[in-house]
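Single-structure report; data block below.
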2 protein chains.
Amino acid sequence: MAEKKRTETTEGRRERKRRQTRARIENAAMTLFLQRGFEATTIEDITEAADVSKRSFFDYFPSKEEVVFAWQDAFADRLMAAIAARPTDESSVTAVEAAITATVIAAVDEPGLALGDLIHRTPALKARDQLKYAKLEQKLAEALLLRKGDDPLERPRMRVLAAIVIGALRVGAELWQQRPPSASPQDFAREIFADLWKMLAEFGEEAKTRR
Amino acid sequence: MAEKKRTETTEGRRERKRRQTRARIENAAMTLFLQRGFEATTIEDITEAADVSKRSFFDYFPSKEEVVFAWQDAFADRLMAAIAARPTDESSVTAVEAAITATVIAAVDEPGLALGDLIHRTPALKARDQLKYAKLEQKLAEALLLRKGDDPLERPRMRVLAAIVIGALRVGAELWQQRPPSASPQDFAREIFADLWKMLAEFGEEAKTRR
DNA sequence: GAAAATGTTGCGCTGAATGCAAAAATGCAA
DNA sequence: TTGCATTTTTGCATTCAGCGCAACATTTTC
């Protein structure tokens, strides 16, 4: 009824309709959210615009918030794949920079990045947004650790590296919002990372030569 | 009705009762949350146990979640104060290490740190928990920047430093959960920070000598 | 003590989310 | 095509969070 079950056979009309309906709900919801705000939009508004029953909404999304963040899992998975694809002999910082840059640039035109305003203006979404970063960080750490042969000693190192990089991603996303759309994402990413590594070296140096 | 208004006079019975009631609600809620879980506890359960009306609950807390996180603002403010108290000529990394260590150690015996399990087991609280760190990070960055005379050029640097340190705090809190209660918080904090600065230097170096 | 301010409660309402079972659509035979 | 199993969609009833409002209670102030 609600779960997708693959019975091996290549599927036809049923799945197609389901995807269409899902897309209709998603589009209707996004349009309304951006138009009149998240809280001011009721589930009924959405289902009416998408022409499905109110009950059916929950057959496609577990909650109102999930519509906004539906794309997130795919992004995290792509990032993990990008990390895994880097050569094993490469240093962690090089691998993570390359993987993040590639994944972000590939996703820069997708919907979901234009949502910054909406999320920022809605407390409930803000919390959910932070959780997204936390999950991303966890997956990134996992992927980085796997590259190192799952060495338990590397675990805290990779956790911290992931925290640093995702932190930079967060700050970077914020800076990106308030940039003219003229700058290319490539240059922007390169600059952000260059600054980041420079700061790391400086902070590390500062700590070393401390009284 | 719901807001506290100081009319300058030294307060008497009213405020005392209000604080008592607030504490009763908080205690009842926490007891029930830890006993049967967050979602399984209704507002009515809490108000019944605290012997107030259901409506009054919202006169003290804006939502069920806020009961759990009520202590957080105080912590953030104390951290800011600790940062502001450091001498201005001190390096940012030294200041932040000292301030965080002092503030965390002072708070280690307070309620709110035993909640890790509950939060970890409740999705809705997990999101809220991450938001707490985000707010902490923002305030920390603000405090650090103020120390630097609000120099706009230092802003991204301090944002990133705050992100790194709060990231370490997050990882540290996680590691602390799964530690024997034998280790002293002082040593633990010192060790965490030592590792952190070392990693920063290493990552910075790694990035510098890159192909 | 009376009047003003503040605190508490009951009541009713909206909206999110869930369970359940009936109805509709689809896929698959023969 | 028809009949049957499976999946999807829907309606309905229910629980619970949260808010607005107005009546009622208590405390403060004069």
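A, B, ... follow the sequence lines: proteins, then strands. Residue 1 opens every chain. Just the heavy atoms: all of them, side chains too, but no hydrogens, waters or symmetry mates, feed the values below.
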Under 3.5 Å, side chain of B:Ser56 to main-chain N/O of B:Asp59, donor-acceptor pair present?
-> no

For D:dT27, does either OP1 or OP2 sit under 4.0 Å from a side-chain N or O belonging to B:Lys17?
-> yes

Applied to residues 159-173 of chain A, the salt bridge (Lys or Arg N to Asp or Glu O under 4.0 Å) test, sequence neighbours excluded, yields A:Glu137-A:Arg159, A:Arg159-B:Glu174, A:Arg170-B:Glu137

Rounded to the Å, how far apart are A:Arg22 CZ and D:dT9 P?
-> 12 Å

Checking D:dT9, C:dT9, D:dT26 against the side chain of B:Ser53 (C-beta onward), the nearest is C:dT9

Quick one: which residue pairs count as a salt bridge (Lys or Arg N to Asp or Glu O under 4.0 Å) with a foot in residues 144-157 of chain A, not counting sequence neighbours?
-> A:Glu154-A:Arg157, A:Arg157-B:Glu202

Specify the separation, in whole Å, of atom CD of A:Glu66 and atom P of C:dT18.
-> 11 Å

Of the candidate nucleotides D:dT10, C:dG7, C:dA17, which contains the atom at the shortest distance from the side chain of A:Val52?
-> D:dT10

Closest of D:dT9, C:dA17, D:dG18 to the A:Arg18 side chain is D:dT9

For DNA chain C, the dot-bracket pattern of Watson-Crick and G-U pairs whose distances stay under 3.5 Å, | for other-strand partners | ||||||.|||||||||||||||||||||||

Side chain to side chain contact (heavy atoms under 4.5 Å, CB included) with A:Ile105: which residues, sequence neighbours excluded?
-> A:Thr101, A:Pro185, A:Gln186

State which residues pass side chain to side chain contact (heavy atoms under 4.5 Å, CB included) with B:Val160; sequence neighbours excluded, sorted by chain then number.
-> A:Leu196, A:Met199, B:Ile164

Rounding to a whole Å, what distance do you find between B:Phe57:CZ and C:dG7:P?
-> 18 Å

Should B:Met30 and B:Leu115 be marked as a side-chain contact (heavy atoms from CB on, under 4.5 Å) after you check the CA-CA gap, both sets of side-chain angles, and the distance that decides it?
-> CA-CA 9 Å; B:Met30 283 309 178; B:Leu115 298 171; 4.1 Å; yes

In whole angstrom, give the distance that lies between atom CZ of B:Phe58 and atom P of D:dC21.
-> 17 Å

How close or far is atom C1' of D:dT8 from atom CZ of A:Arg16, stated in whole angstroms?
-> 15 Å

Would you say B:Thr94's side chain and B:Glu90's backbone share a donor-acceptor pair under 3.5 angstrom?
-> no

Please check the phosphate of D:dT9 (OP1 and OP2 only) for any side-chain N or O of A:Tyr60 closer than 4.0 Å.
-> yes

When you measure from every atom of DNA chain C, which of residues 29-42 of chain A have a heavy atom less than 4.0 Å away?
-> A:Thr41, A:Thr42

Of all residues at least two apart in sequence or in a different chain, which pass the ring pair (Phe, Tyr, Trp, His ring centres under 6.0 Å) check with B:Phe75?
-> none

Write down the distance between CZ (B:Arg24) and P (C:dG7), rounded to a whole number of angstrom.
-> 15 Å

Presence of A:Ser56 side-chain N/O under 4.0 Å of D:dT10 phosphate oxygens OP1/OP2 | yes

For A:Phe69, which residues count as a ring pair (Phe, Tyr, Trp, His ring centres under 6.0 Å) partner, sequence neighbours excluded?
-> none

In whole angstroms, the gap separating P of D:dT9 from CD of A:Glu15 amounts to 12 Å

Could you list all the salt bridge (Lys or Arg N to Asp or Glu O under 4.0 Å) pairs where at least one residue sits in residues 65-85 of chain A, not counting sequence neighbours?
-> A:Glu66-A:Arg128, A:Asp77-A:Lys139, A:Arg78-A:Glu110

Polar pairs (N or O, both sides) under 3.5 Å between protein and nucleotides 19-21 of chain C?
unit_1: C:dG19; atom_1: N7; unit_2: A:Arg55; atom_2: NH2; d: 2.9
unit_1: C:dG19; atom_1: O6; unit_2: A:Arg55; atom_2: NE; d: 2.6

Taking ring pair (Phe, Tyr, Trp, His ring centres under 6.0 Å) as the test, write out the residues that go with B:Phe203, two or more places apart.
-> none

Look at all strands and tell whether B:Lys54 reaches a base, only sugar-phosphate, or nothing, counting heavy atoms closer than 4.0 Å.
-> base

Contacts satisfying salt bridge (Lys or Arg N to Asp or Glu O under 4.0 Å) that involve residues 22-44 of chain A (not counting sequence neighbours) are A:Arg36-A:Asp45

Return the value, rounded to whole Å, for the distance between atom CD of A:Glu48 and atom C1' of C:dG15.
-> 14 Å

